[in-house]
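Here's the structure, in structure tokens; my notes come after.
The chains referred to below are lettered A, B, ... by the order of the sequence lines, with proteins before strands, and numbering in each begins at 1.
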Amino acid sequence: MDQSQSLSSQTGRTRPQWMQASLNIVTYLARKPTSAFGLVVLALLILVALTAPILAPHSPYAQDLQNTLQPPSMGHLFGTDELGRDIFSRLVYGARITLTIIFLVTIVVGPIGLFVGTVAGYFGGRVDMILMRITDIFLSFPSLILSLAFVAALGPSLNNAIIAISLTAWPPIARLARAETMTFRSADYIAAARLQGASPARIIWRSIVPMCLPSVLIRLTLNMATVILTAAGLGFLGLGAQPPMPEWGAMIATGRRYMIDSWWLVTFPGLAILCVSLAFNLLGDGLRDALDPKQMNRR
Amino acid sequence: MNQSPILDVQNLTVHYGGAPAPSVQDVSFQLGRERLGIVGESGSGKSTVGRALMRLLPSARVTADRMQFEDVDLLGASERKMLAVRGARMSMILQDPKFSLNPIRRCGDQVAEAYRTHVRASKAEARAKAIAMLDAVQIREPERVYDLYPHEVSGGMGQRIMIAMMLLTSPDLVIADEPTSALDVTVRLQVLKILDDLVREQGIGLIMISHDLNLVRNFCDRVLIMYAGRVVEALNAADLDKAQHPYTRGLLAAQPRIGGSRQPLPVLARDPSWTQPQGAAL
Amino acid sequence: MKPVVIQDMTIRFGGTTVLNDVSLSVASGECFGLVGESGSGKSTILRCASMLYKGWTGDVLIGGQSVRSMDPMERCRVLQMVFQDPYGSLHPRHSVRTVLAEPLRIHGIGEQEARMRQALIDVGLPVEFLDRYPHQLSGGQRQRVAIARALILEPDVLFLDEPTSALDVSVQAEILNLLQRLRDEKGFTYLMVSHDLAVIDHMCDRFAVMKTGDIVEVLPRDAILDGTAKAPYAQELIGASLTYEQAAM
């Protein structure tokens with residue numbers, strides 16, 4: 001009995017190591033007030049997006065021309081816009097759009113940046129030259145201008161905005177992954193892997209990517225704030241999500257005309273953008289401490 | 001060796017924050033104008049002792065019944081007082097000169113500056129003094145070496161520059177933490193010889209911290225053997241072969257020797273009782 | 001089992017010649033040592049011969065076959081290496097199981113579990129260590145895992161790059177005993193780099209003294225005490241080592 005218990009507790013400690021590790025990271029984040037704020041806002045965002053139909057008192061698209069530009073009241077918590085749509089409901093549904101943008105940009109940018117960076121860093125020489133010069137070209141444009149150009153070329157829509165943002169967000173990730181890879185490339189464990197006959201692809205995937213992942217994750221989280229702001233900016237310029245979609249940036253854009261008399265039109269979407277991008281910044285800062293390699297031994 | 005000791009340490013205990021047990025426990029010794037070796041394996045706490053003496057452990061809890069360096073109480077001295085003591089009256093030589101020398105400044109300037117930090121002197125005086133010291137550590141063409149950057153000198157030369165820097169202020173106590181482990185055998189002897197000569201000439205007290213039994217045997221008067229934070233045995237270096245403690249004997253036996261038999265080396269069997277205070281072990 | 005012959009190995013990094021026409025031959029089943037000061041190119045020989053460095057000239061024959069013409073997969077099964085720093089040679093995020101299973105997977109070898117267990121038993125570690133991570137192991141245990149990794153493909157030749165210089169004396173004794181036992185049991189050919197003449201004397205039958213990319217002299221083990229070394233640098237190195245150890249007294 002005793003033995004089986006100690007055995008199971010031992011395997012329980014060693015087996016799902018990644019699960020234990022991520023649990024530790026979350027506890028670490030929750031202990032610091034700033035990163036805890038980030039964590040809470042992110043959790044709230046996901047919760048709101050999931051339960052949008054329950055949370056929203058009105059349909060985000062339902063127009064009510066009798067009740068346009070109503071100030072916040074019990075019936076309309078955050079007031080109504082120029083077409084009488086409930087701003088609160090639109091914000092709640094907008095969370096879904098924001099999350100979609102974040103999710104899609106992450107799964108596009110992370111792998112591209114990691115791939116370009118690790119390949120350039122591992123092979124070095126000419127491969128590195130070519131890949132890094134391409135990265136430099138992307139880096140030398142301001143990201144908003146570059147995404148503007150892309151959207152202008154592809155036509156304005158939410159999906160194109162996501163593609164455009166992704167195209168401008170991967171170069172910093174690639175540079176970071178490359179720098180990290182260069183520090184690991186000459187490590188003995190890479191030499192050992194080569195002596196075992198592992199192919200470059202296998203070495204990059206199994207040995208180098210796990211080492212680069214923490215810093216890439218941190219960088220992605222910190223970048224999210226910029227991504228949200230760029231998305232909002234594109235929406236504001238009318239090149240992102242198209243009306244009547246309740247995208248936060250687009251809401252500010254349309255509210256701009258009534259801003260002087262009806263402050264609630266721009267204030268609440270603005271606050272939402274502020275909160276979420278701030279949350280990601282704080283979360284990224286917290287992650288940087290939590291994933292610090294010097295603290296690896298405690299885990 | 002009858003005069004009052006340079007250093008008197010009674011029951012030094014160092015506890016790092018977060019560590020379950022103290023890294024150093026009840027270490028006591030006195031140091032006159034002699035060369036004391038502290039040997040032990042990695043993790044035995046030997047380097048921690050050196051750092052505690054220099055008060056370089058801000059985050060650890062250092063306690064002792066007594067920690068007296070000449071007229072300075074190392075336990076109670078203010079940080080200001082320590083700044084005046086450290087580098088001037090007691091100095092430390094670290095393992096790898098690559099990390100101890102500032103890579104973007106000329107070697108000679110660093111030596112001269114170390115001098116000017118503690119002694120009021122003009123730049124020209126400090127330069128002359130530094131060159132004289134580089135000469136004393138047997139660096140040929142000291143003027144030329146003065147203007148070299150750390151990456152332009154070899155490991156042995158770098159360590160000699162460090163020794164020059166540390167001895168320039170005529171300290172009374174030098175703590176050398178693995179001063180030659182990063183050097184090749186042929187260079188190692190030269191560097192140790194230079195350090196040894198200077199220490200003897202100037203009557204400096206030397207604490208040599210090392211994992212290398214051969215080194216302390218050849219270059220120390222007395223040896224403390226540390227295991228798991230405690231001193232398990234103290235003997236004269238000449239009597240190292242007559243060591244009583246099973247740990248010391250195990251370490252000596254585990255060392256391969258030139259011309260030794262090629263039988264498997266005796267492996268050290270660790271006894272948990274070694275981590276108990278001395279009285280209990282005996 | 002297989003002899004190693006190095007012929008005219010030369011490599012330059014930038015403008016400096018790191019190895020200059022180095023030739024040596026190691027009999028099958030022999031333990032051959034390489035000593036010399038740091039920067040003399042002794043580790044570079046191992047890295048060139050194992051094709052970790054590519055841009056060198058000359059040739060290396062293992063069992064009569066050139067490492068250049070060997071299929072990379074086959075080369076791995078003939079030749080393995082143990083590195084100096086056990087803290088740098090194991091991937092910090094790979095468990096012992098991953099470390100040992102990787103080579104088996106790459107080479108498509110079956111009975112993985114049994115082979116991994118046998119490898120751990122061979123190097124004197126308990127089988128439960130399969131699920132440990134490097135940070136849960138001591139330096140000596142890590143080096144044993146690194147040796148197990150080298151053994152698991154059942155090579156003929158082992159390159160040992162200062163396998164004990166990062167370890168404590170007592171742990172060094174354990175690892176040296178292990179390497180000796182493995183050679184007796186499996187008849188490996190060892191090519192061993194060390195800066196410590198006592199270790200070379202303990203392990204090797206013959207050794208080469210190196211200086212700035214050249215082999216100064218190849219000596220049998222007995223030459224250390226005989227004083228038959230002719231080259232000045234070899235004499236200096238042996239003299240310094242003896243003085244340091246005071247073996248003369």
N-O pairing of C/Glu113 and C/Arg97 below 4.0 Å
yes
Under 4.5 Å to a heavy atom of chain C? For A/Arg202 that would be side chain
Pick from A/Arg206, A/Arg194, A/Gln196, A/Met211: which one has the most heavy-atom pairs with chain C under 4.5 Å?
A/Gln196
Can you tell whether the side chains of C/Asp156 and C/Arg77 come within less than 4.0 Å, N to carboxylate O?
no
Could you check whether C/Arg105 pairs with C/Glu102 (Lys NZ or Arg NE/NH1/NH2 to Asp/Glu carboxylate O, under 4.0 Å)?
yes
For C/Met73, is it the side chain, the backbone, both or neither that has a heavy atom under 4.5 Å from a heavy atom of chain A?
side chain
Would you mind checking if C/Lys186 and C/Asp122 are paired as a salt bridge, meaning a charged N to carboxylate O distance below 4.0 Å?
yes
Which portion of C/Pro103 sits near chain A, non-hydrogen atoms under 4.5 angstrom:
both
Pairwise side-chain contact, C/Phe159 with C/Ile45, heavy-atom cut-off 4.5 Å (strictly under)
no
Region of C/Leu90 that comes under 4.5 Å of a non-hydrogen atom in chain A:
backbone
May I ask you to name which of A/Ala187, A/Ala193, A/Pro210 has the most heavy-atom pairs under 4.5 Å with chain C?
A/Pro210
Is any NZ, NE, NH1 or NH2 atom of the basic residue among C/Glu154 and C/Arg115 found under 4.0 Å from an Asp or Glu carboxylate oxygen of the other?
yes
Can you tell which part of C/Thr98 gets under 4.5 Å to a heavy atom of chain A, answering side chain, backbone, both or neither?
side chain
